[in-house]
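Only this structure's heavy atoms are used, side chains among them; waters, hydrogens and symmetry mates stay out.
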Amino acid sequence: MRTKLAVFLALIVVACVCGNAFATTYYVATDGNDSWPGTEAEPWATLQHAIGSIASGDTIIVKQGTYVGCRINNAYSVSGTPGNPCVLKAEDGASVLINGPGPLNKQNGCIELEGLDGV
């Protein structure tokens with residue numbers, strides 16, 4: 001019994017230390033498709049789909065191009081957790097333009113943030 005408890009505690013420590021070990025990087029591109037897996041080879045097409053598809057600690061990289069925006073609120077897990085924030089960013093060296101409100105936006109902003117901790 002003591003050995004099982006020690007193994008269990010060791011797994012908890014590993015999970016806490018490596019909490020971001022299972023974080024995934026996803027991609028969005030103008031030639032993508034929201035039915036694809038969001039990989040670099042098969043990126044998603046829209047920011048809103050990407051926002052609704054990620055988990056705590058994940059990163060969304062937006063490839064060069066022009067996009068409509070998105071609405072990020074507490075219904076999504078995009079705020080992450082302490083030590084495992086979610087990231088939405090342009091690909092290094094890419095020129096990304098967000099030129100209008102997303103399909104779920106309630107206001108006229110291109111990227112709306114609502115009800116997130118620290119926002």
Side-chain angles (χ1 to χ4, degrees):
M1 180 68 164
R2 193 173 269 184
T3 302
K4 289 181 182 180
L5 180 61
V7 170
F8 178 71
L9 291 175
L11 288 174
I12 289 175
V13 169
V14 169
C16 290
V17 171
C18 301
N20 207 9
F22 299 107
T24 303
T25 298
Y26 295 102
Y27 294 83
V28 175
T30 56
D31 61 349
N33 187 315
D34 284 343
S35 66
W36 290 348
T39 62
E40 188 168 15
E42 295 182 295
W44 291 320
T46 65
L47 298 175
Q48 191 65 60
H49 179 78
I51 293 299
S53 300
I54 66 171
S56 180
D58 289 348
T59 297
I60 300 167
I61 296 177
V62 183
K63 294 186 168 278
Q64 184 154 327
T66 301
Y67 301 86
V68 297
C70 60
R71 183 167 190 264
I72 304 171
N73 64 28
N74 58 3
Y76 302 111
S77 59
V78 296
S79 61
T81 58
N84 287 318
C86 293
V87 177
L88 173 64
K89 68 177 189 171
E91 184 174 48
D92 289 344
S95 177
V96 174
L97 174 65
I98 300 173
N99 68 351
L104 301 180
N105 291 27
K106 293 182 177 181
Q107 307 297 320
N108 207 24
C110 291
I111 296 182
E112 291 183 2
L113 303 173
E114 181 184 352
L116 302 174
D117 289 341
V119 177

### Task
State which residue, out of Leu97, Thr30, Ile98, fulfils the side chain to side chain contact (heavy atoms under 4.5 Å, CB included) condition with Thr66.
Leu97
### Query
Sequence neighbours excluded, which residues qualify as side-chain contact (heavy atoms from CB on, under 4.5 Å) partners of Asn108?
Pro101
### Message
Is there a side-chain contact (heavy atoms from CB on, under 4.5 Å) between Thr46 and Val68? Walk through the geometry before answering.
### Response
CA-CA 8 Å; Thr46 65; Val68 297; 5.7 Å; no
### Query
How many angstroms lie between CG in Leu104 and CD1 in Ile51, if you round to the nearest 0.5 Å?
11.0 Å
### Summary
Heavy atoms of Asp31 and Pro43 approach each other most closely as OD1-CG, 4.5 Å
### Query
Other hydrophobic cluster members with Trp36, side-chain heavy atoms of Ile/Leu/Val/Met/Phe/Trp/Tyr under 4.5 Å, chained?
none
## Note on the structure
Here the gap from Asn105 atom CG to Ile72 atom CD1, rounded to the nearest 0.5 Å, amounts to 9.5 Å
### Pairing residues for Thr25 by the side-chain contact (heavy atoms from CB on, under 4.5 Å) criterion, not counting sequence neighbours
Tyr27, Thr59, Ile61
Counting only pairs under 3.5 Å, give me each side-chain donor-acceptor contact of residues 89-96, with atom names and distances, residues two or more places apart or in other chains.
from	atom 1	to	atom 2	distance (Å)
Glu91	OE2	Lys63	NZ	3.0

### Message
Which heavy atom of Ala45 sits nearest to which heavy atom of Gly32, and what is that distance?
### Response
CB-O, 3.4 Å
### Message
Main chain of Cys86, side chain of Asp58: is a donor-acceptor contact present, judged purely on distance under 3.5 Å?
### Response
no
### Query
What pairs meet the salt bridge (charged side-chain N to carboxylate O under 4.0 Å, His left out) rule with one or both residues in residues 98-110, with sequence neighbours excluded?
none
### Minimum heavy-atom distance Gly69-Pro103, with the two atoms named
O-CD, 4.1 Å
### Message
Going by ring-ring contact (aromatic ring centres under 6.0 Å, His included), name the residues that satisfy it together with Tyr26, two or more places apart in sequence or in a different chain.
### Response
Trp44
